[in-house]
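Step one of this worksheet: look at the structure below.
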2 protein chains.
Amino acid sequence: MLEANKILKKINLRPTTQRTAIIEYILQKHKVHITATKLITHLKKKKFNISLATIYNNLNELADKGILRKLHVNNDKMWFDSNLQDHYHFYDSEKDELIDIDKNEISFSKIPKIPRGKIKDSINIIISLKSKN
Amino acid sequence: MLEANKILKKINLRPTTQRTAIIEYILQKHKVHITATKLITHLKKKKFNISLATIYNNLNELADKGILRKLHVNNDKMWFDSNLQDHYHFYDSEKDELIDIDKNEISFSKIPKIPRGKIKDSINIIISLKSKN
DNA sequence: TGGATTATTAGAATGATTCTAAACTACAAA
DNA sequence: TTTGTAGTTTAGAATCATTCTAATAATCCA
Ligand SMILES: [Mn+2]
Ligand SMILES: [Mn+2]
Ligand SMILES: [Zn+2]
Ligand SMILES: [Zn+2]
């Protein structure tokens, strides 16, 4: 059984050709940052036909099941991240590309006091890059 | 001359009633995080009529002139921040509200190596909050 | 194998933002 | 003051990412 389909079985989703294609893309690259548009473009280039709605349905479903994580980078589009570790990102705006920053590449010597009655839900750190002059 | 209009004169924009209203709102609260929709709702409540296009035109123009800063929080909408200091944010998703974190409330004991050929453009830190239990 | 459940899809709907082009206003030169 | 011009506002259309709808198709398992 395909690795992709083992994953689908584990999370109780039927192994359709569309899902398998999406998951195989994710597995192949191991650590992926992808958007719906980038993914459909990639698949269409490989002559694999799929609708945009299916891409969204599945990326969101995989995020719900904890296989992917959703990232807000800028207001343009939703990113899906296959790296499930705690980590942060560089954003290369010229290439429109995210680069992982391992959790232990950043450490804090001082962290802010959380407002009372609240607890931390998630920390999002994005370091935007530009070209050296 | 109104404080708002002094600002407009300094940045070479004509003091229209719409602009004056927008800037007065920003000044009154001193440190503001606002979105276009929140602002138009506020102004309409005060019986001040203005079009959404004008809100966007002006918030963007003020951002261009360095009077406001644009913030990406999530993909829903653009935020405009009147706090020009280097700082970070808590995001209270229940209230849909941003809270400033002063630059010196966070310090780093380790910072990641910037990829070669690139330099840091901006650092964006958002700590999303949820209610305790 | 049949029927229920789940999935895919095209196209419509939604929401934020920008664009267009026409009407209006501020400003300053005469 | 008047008036021409550049700058501004506006309604509504356009755009783009995303979600929804409801019809069709595939998967599953009794
Ligand atoms: Mn953006
Ligand atoms: Mn969002
Ligand atoms: Zn990542
Ligand atoms: Zn702020």
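The structure displayed is predicted, hence computed values, not measured ones. First the proteins, then the strands, lettered A, B, ... as listed; each starts at 1.
- Under 3.5 Å, the side chains of A:Asp96 and A:Tyr91 contain a donor-acceptor pair of N or O atoms.
- For A:Pro15, the listed nucleotide lying nearest its side chain is D:dT27; candidates were C:dA16, D:dT18, D:dT27.
- Between B:Asn57 and B:Thr17, the one whose closest nucleotide on DNA chain C sits nearer the 5' end is B:Asn57.
- A sub-4.0 Å separation between OP1 or OP2 of C:dT25 and a side-chain N or O of B:Gln18 is absent.
- Distances were taken from every side-chain heavy atom of B:Glu61 (C-beta onward) to each of C:dG11, D:dA11, D:dT8; the shortest belongs to D:dT8.
- A ring-centre distance under 6.0 Å is found for A:Tyr25 and A:His42.
- Contact check, A:Thr54 against C:dT8: no side-chain N or O comes under 4.0 Å of OP1 or OP2.
- Regarding B:Ile34, its CD1 atom lies at a distance of 16 Å from the C1' atom of C:dT17, rounded to whole Å.
- In this structure, B:Asn74 atom CG and C:dG15 atom C1' are separated by 13 Å, rounded to whole Å.
- A donor atom on one side chain and an acceptor atom on the other are found under 3.5 Å apart for A:Asp81 and A:His89.
- Residues A:Arg14 and B:Leu52 both approach DNA chain C. Their nearest nucleotides, taken by heavy-atom distance, put A:Arg14 toward the 5′ side.
- The CG-P distance, from B:Asn12 to D:dG7, rounds to 10 Å in whole Å.
- Put simply, CG on B:Asn49 is 14 Å from P on D:dT9, counting in whole angstrom units.
- Between B:Lys31 and B:Asp100, none of the side-chain N atoms (NZ, or NE/NH1/NH2) sits under 4.0 Å from a carboxylate O, so this pair counts as no salt bridge.
- In terms of phosphate contacts, B:Asn58 brings a side-chain nitrogen or oxygen within less than 4.0 Å of OP1 or OP2 of D:dT9.
- The listed nucleotides are D:dT10, D:dT18, D:dT9; the one nearest the side chain of B:Arg19 is D:dT9.
- In this model, the phosphate group of D:dT19 is approached by a side-chain N or O of A:Asn60 to a distance below 4.0 Å at OP1 or OP2.
- Remark: P of D:dT27 and CG of A:Asn5 are 11 Å apart, rounded to the nearest angstrom.
- When the nucleotides D:dA17, D:dA11, C:dT9 are ranked by their closest atom to the side chain of A:Ile50, C:dT9 comes out on top.
- When rounded to the nearest whole Å, the span between CG of A:Leu8 and C1' of D:dT27 equals 13 Å.
- What you find for A:Asp102 and A:His87 is that their closest heavy atoms are CA-CB, 4.3 Å.
- Atom CG of A:Leu62 is separated from atom C1' of C:dT8 by 15 Å (rounded to the nearest Å).
- Put simply, CD1 on A:Ile40 is 15 Å from C1' on D:dC16, counting in whole angstrom units.
- Contact between the side-chain N/O atoms of B:Thr16 and the OP1/OP2 oxygens of D:dT8 is not found at any separation under 4.0 Å.
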